[in-house]
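Here, residue 1 is the first one in the sequence, and each next residue gets the next number. Below, all heavy atoms of this structure are taken into account, side chains as well, without hydrogens, waters or symmetry copies.
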Amino acid sequence: MRAARELLKDLDYQVLSGNVSRDVNELVYNTKNVTKDCMFVCIRGASFDSHQAAGEAAENGAAVIVAEGPVEVPDGITVVKVADTRYALAKISAAYFGYPAEKLRIIGITGTKGKTTATYMIRSILEHAGISTGLIGTIETIIGERSIPACNTTPESYTIQEDFARMLEAGCKAVVMEVSSQGLKLHRTAGIPFELGIFTNLAQDHIGPNEHDSFADYLECKSRLFRQCRVGIANADDEHWREVFQGHTCGIETYGFSGEADLQASDMELLSGPGYLGVACHVSGLTDMDAEIDMPGKFTVYNALAAIAACRHFGVSQEDMKEALKKAKSKGRIEKVHVSDEFTLLIDYAHNAMSLESLLATLKEYQPARLVCLFGCGGNRSRLRRFEMGEVSGRLADLTVITSDNPRFEDPQAIIDDIRTGMEKTQGNYVEIPDRKEAIRYVIAHGQPGDVIVLAGKGHEDYQEIRGVKYSMDERVLIREVLEELGRS
């Protein structure tokens with residue numbers, strides 16, 4: 001039990017009723033988790049405002065209510081008014097868990113693309129150097145030997161602070177985390193003392209209902225990280241980096257291919273072999289070394305530069321960096337799955353036109369005998385995305401296999417028809433196979449020497465959502481089943 005005053009000490013607040021000397025035994029922000037004598041923080045969500053449930057929370061045992069204004073509660077309940085309850089939840093959570101972030105070296109990565117891969121590269125390097133490192137990101141949260149599937153790229157502030165506390169208990173010394181624009185906008189990372197902040201790139205994305213009103217808003221939210229970190233590390237080749245760093249309060253370092261970058265890549269070489277695609281380069285400036293990464297493309301070099309720039313601050317040796325980069329893997333991000341010595345098969349999360357174009361353009365640079373792209377589009381989402389992705393694949397791939405991907409409450413064939421509309425604007429060859437396992441069987445059975453085959457859209461996801469139900473479906477499992485059924489080891 002702790003006095004409410006202790007948990008509120010980092011905030012400006014006004015006591016509307018009761019007093020903050022009373023003890024609370026738990027911090028809660030979900031009405032389903034209310035317990036006797038807890039502190040309940042009201043949150044305005046996209047579809048529900050729990051200020052409306054403050055009275056119910058009090059009746060179920062909450063002793064203190066934190067809200068943005070007066071709420072209807074029974075007599076005797078302490079009500080505390082703050083300017084923003086999401087910001088308050090972040091600060092209260094830090095106090096509730098004993099300020100774990102202050103005992104960890106925390107790296108935050110923001111940007112449109114590259115966050116996930118860069119986090120895994122950084123963790124791979126630090127772990128290889130003997131620095132136990134937690135991870136919070138789109139795919140999972142890693143705490144010691146535990147992996148917890150992620151719901152959001154950047155979790156709610158309470159969950160982040162709880163994870164930090166668990167990481168400390170597990171012996172972690174550092175944390176690398178993806179910091180999304182939504183996470184920054186909703187104050188999920190408020191108060192975290194980031195040692196390093198990394199900016200990868202910025203492009204038109206996440207603009208729309210329940211996300212960002214405009215590109216300017218998207219950019220401004222990204223910029224908040226660089227008023228909350230000690231050193232900001234920027235991709236100097238991105239046209240928006242100076243705008244993102246406007247108003248920064250941190251030191252600045254840059255990376256890129258540009259001659260002006262503090263950490264520069266040069267002499268990039270695309271590497272390929274049976275079932276293998278990679279890239280090598282020379283790194284100079286703040287450090288001088290050769291690097292080879294077991295993932296393809298120029299964007300892989302950018303991610304590696306970000307990782308090298310960050311890990312340099314931890315005193316990691318060049319040898320450790322080289323060895324770790326060669327082994328770094330990120331589930332569902334240009335992830336190679338060995339099915340043949342004659343052709344290459346990759347799984348990637350590319351699920352919109354921008355990411356698919358970047359992926360396919362990169363793979364074409366390796367001059368495959370054929371570039372084969374298998375993908376579908378989600379139901380109950382923008383039809384424009386379907387037209388655009390169909391057009392991109394038709395233009396860049398030698399063969400497109402159109403299949404199903406989370407049809408939700410739509411008819412899978414109707415989604416395929418929309419994709420075909422985009423395809424038919426091009427001269428691209430395509431086949432339609434609605435069942436995703438059968439589509440995977442088709443590309444493996446018809447793989448030719450020198451092909452590069454990419455299964456796009458699912459990435460790390462291990463389910464297929466149909467009419468409100470998420471059915472287990474992991475492409476790695478499907479590939480294994482297909483190989484067994486085809487009589488291949």
**Student:** Please tabulate, for side-chain N and O atoms in residues 276-290, each donor-acceptor pair with protein atoms closer than 3.5 Å (sequence neighbours left out).
**Tutor:**
from   : atom 1 : to     : atom 2 : distance (Å)
Tyr276 : OH     : Glu292 : OE2    : 3.2
His282 : ND1    : Met289 : O      : 3.3
His282 : ND1    : Asp290 : OD1    : 2.7
His282 : NE2    : Asp288 : OD1    : 3.4
Thr287 : OG1    : Gln318 : NE2    : 3.2

**Student:** Using ring-ring contact (aromatic ring centres under 6.0 Å, His included) as the criterion, list what pairs up with Tyr302, not counting sequence neighbours.
**Tutor:**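 Counting only residues at least two positions away or on another chain, Tyr302 forms a ring-ring contact (aromatic ring centres under 6.0 Å, His included) with Phe257.
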
**Student:** Indicate whether the side chain of Ser330 and that of Thr116 have a donor and an acceptor atom separated by less than 3.5 Å.
**Tutor:** no

**Student:** Of all the heavy-atom pairs spanning Leu371 and Leu360, show the shortest one and how long it is.
**Tutor:** CD2-O, 3.6 Å

**Student:** Charged N to carboxylate O under 4.0 angstrom, Lys458 versus Glu461?
**Tutor:**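 A salt bridge is present here (some side-chain N lies under 4.0 Å from a carboxylate O).
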
**Student:** Tell me if a side-chain donor or acceptor on Lys115 pairs with a main-chain N or O of Thr200 at a distance below 3.5 Å.
**Tutor:** no

**Student:** Could you walk me through whether Lys327 and Asp294 satisfy the salt bridge (Lys or Arg N to Asp or Glu O under 4.0 Å) test, starting with their C-alpha distance in whole Å, then the side-chain angles of each, then the deciding distance to 0.1 Å, before giving a yes or no?
**Tutor:** CA-CA 7 Å; Lys327 300 173 184 175; Asp294 191 10; over 6 Å; no

**Student:** Got a salt bridge between Asp474 and Arg476, using NZ or NE/NH1/NH2 to carboxylate O under 4.0 Å?
**Tutor:**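 Looking at Asp474 and Arg476, the cut-off is met.
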
**Student:** Within the 3.5 Å criterion, strictly below it, is a donor on Tyr366 or Thr344 matched to an acceptor on the partner's side chain?
**Tutor:** no

**Student:** Any chance the side chains of Lys470 and Asn406 put a donor and an acceptor closer than 3.5 Å?
**Tutor:** no

**Student:** Taking only Lys NZ, Arg NE, NH1 and NH2, and the carboxylate oxygens of Asp or Glu, determine whether Arg408 and Glu465 approach each other closer than 4.0 Å.
**Tutor:** yes

**Student:** Could you walk me through whether Ile419 and Tyr430 pass the side chain to side chain contact (heavy atoms under 4.5 Å, CB included) check?
**Tutor:** CA-CA 11 Å; Ile419 296 171; Tyr430 68 93; over 6 Å; no

**Student:** For Tyr87, check side-chain hydrogen bond (donor to acceptor under 3.5 Å, both in side chains) against everything at least two apart and list the hits.
**Tutor:**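 Listed in chain order: nothing, the list is empty.
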
**Student:** Excluding sequence neighbours, so at least two apart, what forms side-chain hydrogen bond (donor to acceptor under 3.5 Å, both in side chains) with Ser317?
**Tutor:** Asp320

**Student:** Please report, to 0.1 Å, the donor-acceptor pairs under 3.5 Å made by any side chain of residues 120-134, with sequence neighbours excluded.
**Tutor:**
from   : atom 1 : to     : atom 2 : distance (Å)
Tyr120 : OH     : Glu140 : OE2    : 2.6
Arg123 : NE     : Thr133 : O      : 2.8
Ser124 : OG     : Ala324 : O      : 3.3
Glu127 : OE2    : Thr133 : N      : 2.7
His128 : NE2    : Glu323 : OE1    : 2.6
Thr133 : OG1    : Ile131 : O      : 2.8

**Student:** Checking Arg227 side chain against His248 main chain: does a donor-acceptor pair fall under 3.5 Å?
**Tutor:** no

**Student:** Give a yes-or-no answer on whether the side chains of Asp418 and Thr421 include a donor-acceptor pair shorter than 3.5 Å.
**Tutor:** no

**Student:** Any sub-3.5 Å donor-acceptor pair from Thr159's side-chain atoms to Pro155's backbone N or O?
**Tutor:** no

**Student:** Give a yes or no on whether the backbone of Met354 and the side-chain of Ser358 come within a donor-acceptor separation of less than 3.5 Å.
**Tutor:**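 Looks like no, no N/O pair under 3.5 Å.
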
**Student:** Between Lys298 and Glu365, does at least one N-O distance fall below 4.0 Å, as a salt bridge requires?
**Tutor:** no

**Student:** I'd like to check the side-chain hydrogen bond (donor to acceptor under 3.5 Å, both in side chains) partners of Glu391; sequence neighbours left out, ordered by chain and number.
**Tutor:**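 For Glu391, no residue satisfies side-chain hydrogen bond (donor to acceptor under 3.5 Å, both in side chains) once neighbours in sequence are set aside.
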
**Student:** Are any of the side-chain heavy atoms of Met473 and Asp462 separated by less than 4.5 Å?
**Tutor:** no

**Student:** Report yes or no: does Thr119 contribute a side-chain atom to a donor-acceptor pair with the main-chain N or O of Glu178 at less than 3.5 Å?
**Tutor:** no

**Student:** After noting the C-alpha distance and the side-chain angles of Lys185 and Asp217, does the key distance pass the salt bridge (Lys or Arg N to Asp or Glu O under 4.0 Å) rule?
**Tutor:** CA-CA 9 Å; Lys185 181 177 183 176; Asp217 178 54; 3.5 Å; yes

**Student:** Tell me yes or no: between the side chains of Thr400 and Ser393, is some donor less than 3.5 Å from an acceptor?
**Tutor:**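 Yes.
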
**Student:** What side-chain hydrogen bond (donor to acceptor under 3.5 Å, both in side chains) pairs are there with at least one residue in residues 97-108, not counting sequence neighbours?
**Tutor:**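 Of all non-adjacent pairs touching residues 97-108, those that pass side-chain hydrogen bond (donor to acceptor under 3.5 Å, both in side chains) are Asp10-Tyr99, Arg105-Glu195.
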
**Student:** Strictly by salt bridge (charged side-chain N to carboxylate O under 4.0 Å, His left out), give each pair with a member in residues 166-176 just once, sequence neighbours left out.
**Tutor:** Glu162-Arg166

**Student:** Any side-chain donor paired with an acceptor under 3.5 Å for His240 and Asp238?
**Tutor:**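 Their side chains do not contain a donor-acceptor pair, so the 3.5 Å distance test is not met.
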
**Student:** Show every salt bridge (charged side-chain N to carboxylate O under 4.0 Å, His left out) that has at least one partner inside residues 347-360, sequence neighbours left out.
**Tutor:**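 Passing the test, one end in residues 347-360: Glu357-Arg395.
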
**Student:** Salt bridge (Lys or Arg N to Asp or Glu O under 4.0 Å) between Arg386 and Glu410: does it pass, once the steps are laid out?
**Tutor:** CA-CA 13 Å; Arg386 305 168 192 177; Glu410 285 195 66; 2.5 Å; yes

**Student:** side-chain hydrogen bond (donor to acceptor under 3.5 Å, both in side chains) with Arg5: which residues, sequence neighbours excluded?
**Tutor:** Ser21

**Student:** Once ring-ring contact (aromatic ring centres under 6.0 Å, His included) is applied, what residue pairs with a partner in residues 134-159 remain, sequence neighbours excluded?
**Tutor:**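 Listed by first then second residue: Tyr29-Tyr158, Phe97-Tyr158.
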
**Student:** Within the side chain of Arg333, is there an N or O that forms a donor-acceptor pair under 3.5 Å with the backbone of Thr117?
**Tutor:**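 Side chain of Arg333 to backbone of Thr117, a donor-acceptor pair under 3.5 Å: no, none is there.
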
**Student:** Check the pair Tyr349, His460 against side chain to side chain contact (heavy atoms under 4.5 Å, CB included), reporting the backbone distance first and the verdict last.
**Tutor:** CA-CA 7 Å; Tyr349 189 50; His460 61 280; 3.8 Å; yes

**Student:** Only counting residues at least two apart or in another chain, list the ones meeting ring-ring contact (aromatic ring centres under 6.0 Å, His included) with Phe226.
**Tutor:** Phe245

